[in-house]
Amino acid sequence: MTLRLFNTMTGEMDPVTPADGETLRMYACGPTVYDYGHIGNFRTFLQLDVLRRFLKLTGTKLRHVMNITDVDDKIIRNAAAAGVSIGEYTARFEKAFFDDLETLRVERPEVMARATEHIPRMVELVQKLAAAGAAYQAEDGSWYFRLAAFPEYGKLSKKDLSGMEDGARVDLDEYEKDSARDFALWKAAKPGETSWDTAIGRGRPGWHIECSAMAMEYLGESFDLHAGGEDLIFPHHENEIAQSESVTHKEFARIWMHVRFLLVDGRKMSKSEGNFFTLRDLLLKGYKASAIRLALISVPYRHQYNFTFEGLAEATAAIERLRTFRERLISGSFADGLNEALQEAAWNARAEYLAALADDLNTAEARAPIFELLRAANTAMDQGELKAGDRDAILVVLKDFDAVFDVLEDGDAEATRRALEWAEKEGRMSEAAAELLARQGLTDAAIEALVSERSLAKKQRNFARADEIRKELAEKGVVLEDSKDGVRWKRK
Ligand code: AMP
Ligand code: ZN
């Protein structure tokens with residue numbers, strides 16, 4: 001089964017196959033670790049996780065590289081304000097980023113590369129660009145890329161840049177189309193700023209050169225796939241292409257995948273707009289990590305997604321249904337044999353699920369057959385028509401579903417506990433929802449004790465006490481399920 005992805009470069013759906021026939025080499029632009037990431041950032045990383053997991057599920061090996069931008073204007077400014085070195089400052093947010101990825105069950109790329117640990121590679125690249133006539137040094141000692149040296153500039157974003165002013169410069173990392181100019185490769189040191197003493201002068205790298213240098217370091221001059229959020233198409237990726245191809249004269253990356261924005265009320269979620277939530281904000285409001293994951297991946301990456309709390313509630317309910325269903329399958333006892341109709345339903349659901357993902361990672365369409373199967377199997381169980389062989393077949397389908405979606409195993413209470421621990425350390429407990437605190441107030445042992453007490457009360461026909469305990473637990477977010485094998489409880 002071959003995945004087809006919309007390639008921003010060709011404007012077509014292209015097959016995602018490794019050029020070397022073995023390992024797919026991909027680069028994804030990582031975070032700038034100057035603060036906690038917001039869930040818009042995580043939408044992009046989660047969609048790349050869907051890509052990773054689907055490729056692995058269908059037998060493709062991966063070499064996925066992600067950079068960590070640990071030096072830039074914002075970092076330098078914030079570290080100075082906090083009175084610490086940039087290394088000390090970024091270490092804290094880099095750790096927060098990895099902790100958040102873990103909470104969201106995003107797999108780690110094979111290679112993580114920090115910008116500050118690759119300065120010599122960037123310097124080397126600037127030197128090569130200068131030798132090729134594509135870079136020059138300005139009066140203040142900064143180095144710029146000469147756009148006029150790369151006539152193909154604009155081929156990714158399809159922007160018409162013909163009216164560009166020759167030799168005009170920009171040293172901001174992010175800028176608009178109208179100011180497409182010679183951009184900074186290396187910024188000369190300013191007094192008091194972190195800088196490196198190198199063969200091209202004292203200074204620090206621009207953002208774009210970072211990715212070109214690290215991508216080529218770990219993946220070679222030409223690789224299979226390059227990804228990031230849609231805001232990176234221009235100028236960041238356009239600049240990466242210009243810098244890399246001016247030196248190598250080879251196609252930098254074959255497939256360009258761009259994840260569209262997470263929006264709030266129709267506007268991009270971003271720090272500067274102030275319309276953002278961090279993962280921790282949502283956990284403290286009482287939303288489960290698994291629901292946040294499911295909500296952020298269920299709208300396919302090719303569509304913008306308007307974030308709402310209803311969306312999170314829908315994901316919470318969907319996960320509840322899936323987990324209850326799997327539990328019912330695992331703990332139930334079924335007669336030996338097969339039910340032809342259910343076998344076929346399971347087989348079809350799996351095929352439709354895989355086909356939807358292979359079609360440009362259409363997660364919304366991939367979910368649908370799984371829930372259809374769930375309905376059919378629940379009905380069959382109700383009617384005593386589900387056989388042991390069907391259970392096994394359905395569990396295989398759920399396993400493949402979870403290999404990509406990864407929401408069935410319940411790690412939610414633990415993720416919430418970590419968020420509360422963090423809030424306590426940071427003095428942000430006032431942001432935690434009251435019901436969450438009540439729920440966390442009950443330890444597992446305390447719940448077990450109440451559950452035993454209730455069973456005893458029932459045995460003694462003290463139904464008033466039994467109901468009272470059920471109510472008390474419910475108020476603290478613990479639900480009980482009576483089954484023939486005893487009582488099961490779980491945190492809501
Ligand atoms: P940054 O840390 O700002 O460099 O962003 C890290 C990643 O998140 C980049 O790939 C961005 O394109 C992506 N990103 C930023 N804002 C959003 C958003 N609202 N929705 C989706 N992706 C985003
Ligand atoms: Zn990049």
Side-chain angles (χ1 to χ4, degrees), residues 8 26-51 64-75 78 90 93-94 96-98 100-101 104 106 109 111-115 118 122 125 156-157 173-174 183 185 205-219 223 225-244 252-253 256-279 292 295-297 299-307:
T8 309
M26 66 179 265
Y27 186 90
C29 296
T32 305
V33 283
Y34 74 103
D35 204 343
Y36 297 102
H38 60 66
I39 55 166
N41 302 131
F42 286 113
R43 175 180 203 220
T44 290
F45 299 120
L46 277 160
Q47 294 286 354
L48 296 179
D49 192 50
V50 169
L51 169 70
H64 171 185
V65 179
M66 185 195 273
N67 65 298
I68 298 276
T69 300
D70 58 351
V71 54
D72 88 330
D73 295 336
K74 288 181 288 231
I75 290 171
N78 291 6
T90 56
F93 292 110
E94 185 186 298
F97 174 70
F98 284 122
D100 287 351
L101 288 187
L104 290 169
V106 174
V111 180
M112 299 290 322
R114 290 192 191 98
H118 296 78
M122 300 173 205
L125 198 50
L156 179 70
S157 56
D173 282 331
E174 293 169 69
F183 57 88
L185 297 164
W207 172 34
H208 317 295
I209 196 77
E210 208 188 277
C211 286
S212 288
M214 294 193 283
M216 289 198 271
E217 164 92 19
Y218 295 103
L219 299 171
F223 52 94
L225 191 148
H226 196 313
E230 64 174 309
D231 53 339
L232 302 189
I233 299 174
F234 184 88
H236 184 54
H237 288 164
E238 204 73 77
N239 291 355
E240 281 189 42
I241 292 169
Q243 296 162 154
S244 310
F252 183 45
W256 290 82
M257 170 184 175
H258 292 102
V259 180
R260 304 207 63 197
F261 288 145
L262 182 69
L263 309 175
V264 182
D265 297 328
R267 295 205 324 265
K268 176 191 175 191
M269 179 177 285
S270 74
K271 282 270 154 63
S272 54
E273 291 260 4
N275 61 352
F276 64 92
F277 293 105
T278 65
L279 173 62
I292 300 167
L296 291 173
I297 64 181
V299 172
Y301 84 92
R302 277 283 296 292
H303 298 271
Q304 294 190 325
Y305 168 35
N306 206 15
F307 173 79

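Order of listing sets the numbers, starting from 1, for every ligand and every atom in it. What you see below is based on every heavy atom in this structure, not just the backbone, and it leaves out hydrogens, waters and symmetry mates.
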F277 and H38: aromatic ring centres closer than 6.0 Å? no
Does the separation of the ring centres of H118 and Y218 fall below 6.0 angstrom? yes
Here the pair of heavy atoms bringing H64 nearest to P109 is O-CB, 3.4 Å
Atoms of protein origin (N, O or S) under 2.8 Å from the Zn ion (ligand 2): C29 SG, C211 SG, H236 NE2, E240 OE2
Whether K271 engages the ring of Y34 as a cation-pi pair (distance to the six-membered ring centre under 6.0 angstrom, angle to the ring normal within 45°) should be assessed. yes
Main-chain N/O of W207 paired with D72 side-chain donor or acceptor, under 3.5 Å: no
Between R43 (side chain only) and R260 (backbone N and O only), is there a donor and an acceptor less than 3.5 Å apart? yes
In this structure, is the centre-to-centre distance between the rings of H258 and H237 below 6.0 Å? yes
Report every pair formed by an N or O atom of ligand 1 and a protein N or O atom separated by less than 3.5 Å, giving atom names and the distance to 0.1 Å.
from     : atom 1 : to   : atom 2 : distance (Å)
ligand 1 : 2 (O)  : T32  : N      : 3.1
ligand 1 : 5 (O)  : N41  : ND2    : 3.3
ligand 1 : 8 (O)  : N41  : ND2    : 3.1
ligand 1 : 10 (O) : G229 : N      : 3.1
ligand 1 : 12 (O) : G229 : N      : 3.3
ligand 1 : 12 (O) : D231 : OD1    : 2.4
ligand 1 : 19 (N) : L262 : O      : 3.1
ligand 1 : 19 (N) : M269 : O      : 2.9
ligand 1 : 20 (N) : G40  : O      : 3.4
ligand 1 : 20 (N) : L262 : N      : 2.8
ligand 1 : 22 (N) : G40  : O      : 3.1
ligand 1 : 22 (N) : T44  : OG1    : 2.7

Centroid-centroid distance, F223 to F252, less than 6.0 Å: yes
Indicate yes or no: does R267 engage E273 in a salt bridge with an N to O separation below 4.0 Å. yes
